Protein chains: 2
Amino acid sequence: MSLNQVDRQILALLQQDASLSTAEIADKVGLSQSPCWRRIAKLEQDGYIKGKVALLDEKQLGFDMLVYAHVKLSNHGRNNLSEFEKLIMSYDEVTECYTMAGTMDFMLRIISRGIEGYEQFVRDNLLNLEYVQEVHSNVTMTCVKRTTALPI
Amino acid sequence: MSLNQVDRQILALLQQDASLSTAEIADKVGLSQSPCWRRIAKLEQDGYIKGKVALLDEKQLGFDMLVYAHVKLSNHGRNNLSEFEKLIMSYDEVTECYTMAGTMDFMLRIISRGIEGYEQFVRDNLLNLEYVQEVHSNVTMTCVKRTTALPI
DNA sequence: AGTGAAACACACACCGT
DNA sequence: ACGGTGTGTGTTTCACT
């Protein structure tokens, strides 16, 4: 983590808006284009920037249902851990999945179209696995905040 | 939602990698540059694309602690709802915040550097509010999956 | 709605400091 | 390491089909 102030500024700008041109960033951080471009290239090369993505509007695309589900596996299900994780990764509706400290649970962030979409997903992709013991759904109501930006 | 197959393909590509050039996308969806560019411009204009952002590497920047915290407000705290939400939005460590169905709780996704960073954040920014009754922390261990892409 | 070309801006490399 | 300048490549517009 040998990042100076300028590098942090650049990262802060790019994680808010990756469509900024090198010239615009250079201007904002008080550099000229060439050195600014070199810094950005190095930040990418060193792995600080994992990638650039477009963020889509969930609501407008019909995804009005966001649920955090806790999934508990049965005892003998622990032999199927890596199989379960591979499955999870293949489900597009699961946008995030973590194992939690203290329990043997998985927490899944699941996005779907309506309650019907969610129920169907859980039935077809989670409850149908014999080693899934329990699924507890935490349904979100309103989104107060959501950002991909880190507090740098 | 009057999106045809090509538009969906374009969105799917862009939400995976926003650094693709118009020509590359045009190639992949079987269009030439101009009409492809027009479609992308329209998708942005119509609000399907909320923005383009750079995703940074949490670990490399020292953010090794990811916690989902449930925050319960006291009864009279409900008069301070909007004040609380404004505060939440101003905290960079809180990357997401939702209200949950069934309870009066807020769920916060908090990213920080180490357990110390987390504890300090909770003490200084949540527990110091008189109307915050309870904070229950769910600490994540390993990340099985994380994506910003929607299942289109 | 798709094609082709032209104007423009930007990304990237090579210079000097 | 920063700054200036140039060249190719991508973006954006326009005229045509």
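Computed from a predicted structure; not experimentally measured. Every chain is numbered from 1 and lettered A, B, ... according to where its sequence line falls, protein lines coming before strand lines. What's counted below: heavy atoms across the whole structure, side chains too, no hydrogens, waters or symmetry copies.
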- Query: Going by number, which of residues 14-34 of chain A have a non-hydrogen atom under 4.0 Å from DNA chain C?
  - Reply: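 Within residues 14-34 of chain A, the residues near DNA chain C are A:Ser21, A:Thr22, A:Ser34.
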- Message: How about NZ on A:Lys50, more than 12 heavy atoms from neighbouring residues, nucleotides or ligands closer than 6.0 Å, or not?
- Response: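 For A:Lys50, atom NZ is crowded (more than 12 foreign heavy atoms under 6.0 Å).
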- Query: Near B:Met104 CE, under 6.0 Å, is it more than 12 heavy atoms from other residues, nucleotides or ligands?
  - Reply: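 Count not over threshold, so no.
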- Item | Pairing annotation in dot-bracket form, given for DNA chain D with Watson-Crick or G-U pairs under 3.5 Å and | for cross-strand partners | |||||||||..||||||
- Can B:Tyr68 and B:Ser137 be counted as having a side-chain donor-acceptor contact under 3.5 angstrom?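 Side-chain D/A pair, B:Tyr68 to B:Ser137: absent.
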- Item | A:Glu85-A:Ser82 side chain donor-acceptor pair, cut-off 3.5 Å |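 Distance-only check fails for A:Glu85 and A:Ser82.
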If I take atom [atom1] in residue [X] and atom [atom2] in nucleotide [N], what distance separates them, rounded to the nearest angstrom?
| X | N | atom1 | atom2 | answer |
| --- | --- | --- | --- | --- |
| B:Trp37 | C:dA5 | CH2 | P | 19 Å |
| B:Ile40 | D:dT13 | CD1 | P | 13 Å |
| B:Arg39 | C:dT3 | CZ | P | 11 Å |
| A:Gln45 | C:dA11 | CD | C1' | 16 Å |
| A:Ile10 | C:dA11 | CD1 | P | 13 Å |

- Message: Evaluate A:Tyr98 against A:Glu96 for side chain to side chain donor-acceptor pair (under 3.5 Å), listing each step before the verdict.
- Response: CA-CA 7 Å; A:Tyr98 304 95; A:Glu96 295 179 48; 2.7 Å; yes
- Message: Can you say whether a donor on the side chain of B:Arg38 sits under 3.5 Å from an acceptor on the base of C:dG2, or the other way round?
- Response: yes
- Query: Among pairs that include at least one residue of residues 123-134 of chain A, which meet side-chain hydrogen bond (donor to acceptor under 3.5 Å, both in side chains), considering only residues two or more places apart or in two chains?
  - Reply: A:Glu83-A:Tyr131
